[in-house]
2 protein chains.
Amino acid sequence: MSKDLSVGQVAAIAKVTVRTLHHYDEIGLLSPGGRTPAGYRRYRDTDLDRLQQILFYRELGFSLEEIAAILDDGTVSPTEHLRRQHELLHARISHLQELAAAVEHAMEASMMGIQLTPEEKFEVFGRDYQESWETEAEQQYGESDAWQQSRRRTGRYTKADWARIKAEGDALNGRYAAALTAGIAPDSAEGMALAEAHRQQITDAYYDCGYAIHRGLAEMYLADERFTATYERIAPGLAHWLHAAIIANAEAHDGS
Amino acid sequence: MSKDLSVGQVAAIAKVTVRTLHHYDEIGLLSPGGRTPAGYRRYRDTDLDRLQQILFYRELGFSLEEIAAILDDGTVSPTEHLRRQHELLHARISHLQELAAAVEHAMEASMMGIQLTPEEKFEVFGRDYQESWETEAEQQYGESDAWQQSRRRTGRYTKADWARIKAEGDALNGRYAAALTAGIAPDSAEGMALAEAHRQQITDAYYDCGYAIHRGLAEMYLADERFTATYERIAPGLAHWLHAAIIANAEAHDGS
DNA sequence: CTGCCGCCTCACGTCGCGTGAGGGTCAAGC
DNA sequence: GCTTGACCCTCACGCGACGTGAGGCGGCAG
């Protein structure tokens, strides 16, 4: 019922260029199922399926040679392909989420003017997510908490510019310290208002900081000694006080 | 306190090759802060910061030329960079999650032997996530439910091999139909056991199908008419029955 | 039969490096 | 003081995955 398609039609559907299809034909990665008498390429349904697979693996960073090897490996069934794709995607997503956490952490560090070691800055770039499918189950169980850990363990980044930002941060820090020494409880209305101001400053200056992320930051203030030290230097006990205020404020807002 | 670093040291830390650093120097993307009298490159801390930025954008698929433009654009502050990176990451993650949903959908389709149109197969590859930061707020609000929609709207894929898989699926379908005509309630113990068997088959044959994903599939059975039709053809009312059974089973297990 | 668009095959250009070739540098050990 | 070996330098060519014409045939609409 559905007839063959020309290069141009296939290119339009798959959103690749005609040249790309020519290239795939040249290197034998995707040869059309047939040709017209005049030599025009005619792509069949099965060719489209293969093209989709090719694009999928390509998007995940595989070379065309590798893709050919993957797709032409007779020992893996289509089912197995889908399973692999699912795994690869999750590995890639995890990796990007680590990067996102690293960026969030970097914003915090930049805001507070904390210096990070060179090694730390590149920690997150190391992982070769590409080969993760060969170690299948190994990281299946280690991964979800690795991602949670990365929120507080992987610190990085520093830069100029915080002239103004830092001033605002310092002003807020002063208000926290004042509240602390005045004996105001972190879970009081005033304490939570200050936590909310903290969250608001991050949102204004950097990124949309929801209560979940804010909790993560609070945990980090206690887990990462550089952050703890920064707050303790302002006023002894401030790291714990701010942590408690943020948690209380978050619970008051999203209730968990 | 921290001295300059040689190419080799920087390469080791950032996990790139020396050649890459040479290249970045050649094209003026990253020139070391200084040189020794003998001409050895010496990288300073600020160079490392820039390198990290470069690697970040590179990993997100930007060309070196684009990266240079981004980093040398004096109008964007470091703060703005972090914000952009955060956005880009989330856009990229959303895109991959759409792909993941598409793969899950494909597994379902393959399992049930449903044919998909060529256009559908490539639907998910279209979006140019690269440019998403230029339309910043536009999709800020449309995106989260677009991703939810994609679970049930974007269907794709088909392939051979389901000889065995399909037989197992057919067997299960027979049991559902039998239960339905026998008047067994979907939220009864037997109904939920069948839903659990359904989930188990997906897990065995394809991917780890948790209760959240299982719910998604159940919704899809009602939302995507091709799936609805497939079940209704087996027995009238089966699509709704199975949907109810899956939801009941999921609630019994994760309680929400 | 005349456009005109789409298809074909060369074939050279580009980007982001990889991979030597040929040679200088520098701290360590004999 | 001299050699050794690890590290650095600058060419310079090669490669993967296409981009980008050039020059020409096919097909069908007016």
Side-chain angles (χ1 to χ4, degrees), chain A residues 3-44 47-48 50-72 125 128 130, chain B residues 3-44 47-48 50-72 125 128 130:
Chain A
K3 289 237 51 80
D4 299 354
L5 299 173
S6 69
V7 265
Q9 292 171 313
V10 173
I13 291 174
K15 275 147 191 167
V16 296
T17 67
V18 171
R19 176 66 177 109
T20 298
L21 294 175
H22 283 178
H23 184 58
Y24 292 169
D25 191 3
E26 277 173 32
I27 66 174
L29 178 57
L30 177 66
S31 301
R35 297 251 188 165
T36 68
Y40 283 28
R41 273 164 260 251
R42 302 265 83 189
Y43 290 86
R44 302 211 240 276
D47 300 328
L48 287 186
R50 186 175 171 94
L51 176 56
Q52 199 219 355
Q53 298 281 30
I54 291 170
L55 295 182
F56 182 92
Y57 284 111
R58 190 185 68 165
E59 186 150 332
L60 287 177
F62 289 87
S63 74
L64 298 188
E65 196 174 7
E66 286 170 327
I67 294 174
I70 292 171
L71 295 183
D72 294 339
F125 284 108
D128 220 346
Q130 195 87 278
Chain B
K3 289 235 54 78
D4 297 354
L5 300 173
S6 70
V7 263
Q9 293 172 312
V10 173
I13 291 174
K15 274 147 191 167
V16 297
T17 67
V18 170
R19 177 67 176 108
T20 298
L21 294 175
H22 283 178
H23 184 59
Y24 291 169
D25 191 2
E26 278 173 31
I27 65 174
L29 177 57
L30 176 65
S31 302
R35 296 253 188 162
T36 68
Y40 283 28
R41 274 165 260 251
R42 303 264 83 190
Y43 289 87
R44 303 208 238 279
D47 299 329
L48 287 187
R50 187 175 171 94
L51 176 55
Q52 200 220 354
Q53 298 280 31
I54 292 169
L55 295 183
F56 181 92
Y57 284 112
R58 191 185 67 167
E59 186 150 332
L60 288 178
F62 289 88
S63 74
L64 298 188
E65 196 175 6
E66 287 170 326
I67 294 174
I70 292 171
L71 296 183
D72 295 338
F125 284 108
D128 222 345
Q130 197 89 277

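Not measured: the values here are computed from a predicted model. Just so it is clear: chains get the letters A, B, ... in the order the sequence lines come, proteins before strands, and each one is counted from 1.
Take R58(B) and apply the salt bridge (charged side-chain N to carboxylate O under 4.0 Å, His left out) test, not counting sequence neighbours, and it matches no residue. Under the side chain to side chain donor-acceptor pair (under 3.5 Å) criterion, D72(A) pairs with R50(A), not counting sequence neighbours. With sequence neighbours left out, T36(A) forms a side-chain contact (heavy atoms from CB on, under 4.5 Å) with A38(A), Y40(A), R42(A). Evaluation of the side chain to side chain donor-acceptor pair (under 3.5 Å) rule for H23(A) yields no partner, not counting sequence neighbours.
Between the CG atom in L5(B) and the CD1 atom in I13(B) there is a gap of 5.0 Å [rounded to 0.5 Å].
Rounded to an integer number of Å, the gap from L29(B) CG to dG16(C) P is 9 Å. Rounded to whole Å, atom P of dA27(C) lies 13 Å from atom CD of Q9(B). The distance from atom NE2 of H23(B) to atom C1' of dT14(C) is 11 Å, rounded to the nearest whole Å. The CD-P distance, from E26(A) to dC8(C), rounds to 12 Å in whole Å. Between L21(B) atom CG and dG18(C) atom P there is a gap of 10 Å when expressed in whole angstrom units. For Y43(A) and dG6(C), the OH to P distance is 17 Å, given to the nearest whole Å. As a whole-Å value, the separation of R42(B) CZ from dT25(C) C1' is 12 Å. Whole-Å rounding puts the L30(B) CG to dC17(C) C1' distance at 15 Å.
Using a 4.5 Å heavy-atom threshold, the side chains of L64(B) and I67(B) count as touching. Counting heavy atoms from C-beta on, the side chains of Y43(B) and L21(B) come closer than 4.5 Å. Looking only at side-chain heavy atoms (C-beta outward), L51(B) and D47(B) stay at 4.5 Å or farther from each other.
R19(B) has no side-chain polar atom (N or O) that falls below the 4.0 Å cut-off from OP1 or OP2 of dG16(C). Between dG16(C) and T20(B), no contact under 4.0 Å exists linking OP1 or OP2 to a side-chain N or O. At dC7(C), one or more side-chain N or O atoms of S6(A) fall inside 4.0 Å of OP1 or OP2 (strictly under the cut-off).
For the segment residues 32-40 of chain A, residues with any heavy atom less than 4.0 angstrom from an atom of DNA chain C are, sorted by number, R35(A), G39(A), Y40(A).
Looking at heavy-atom distances under 4.0 Å, V7(A) makes contact with sugar-phosphate atoms alone, never a base.
Taking for each of R41(A) and Y24(B) the nucleotide of DNA chain C with the nearest heavy atom, the 5'-most of the two is the partner of R41(A).
Salt bridge annotation for D25(A)-R35(A): present, with a cationic side-chain nitrogen under 4.0 angstrom from a carboxylate oxygen.
Boundaries of the chain A contact region on DNA chain D are dA17(D) to dG26(D), first to last in 5' to 3' order (nucleotide atom under 4.0 Å from a heavy atom).
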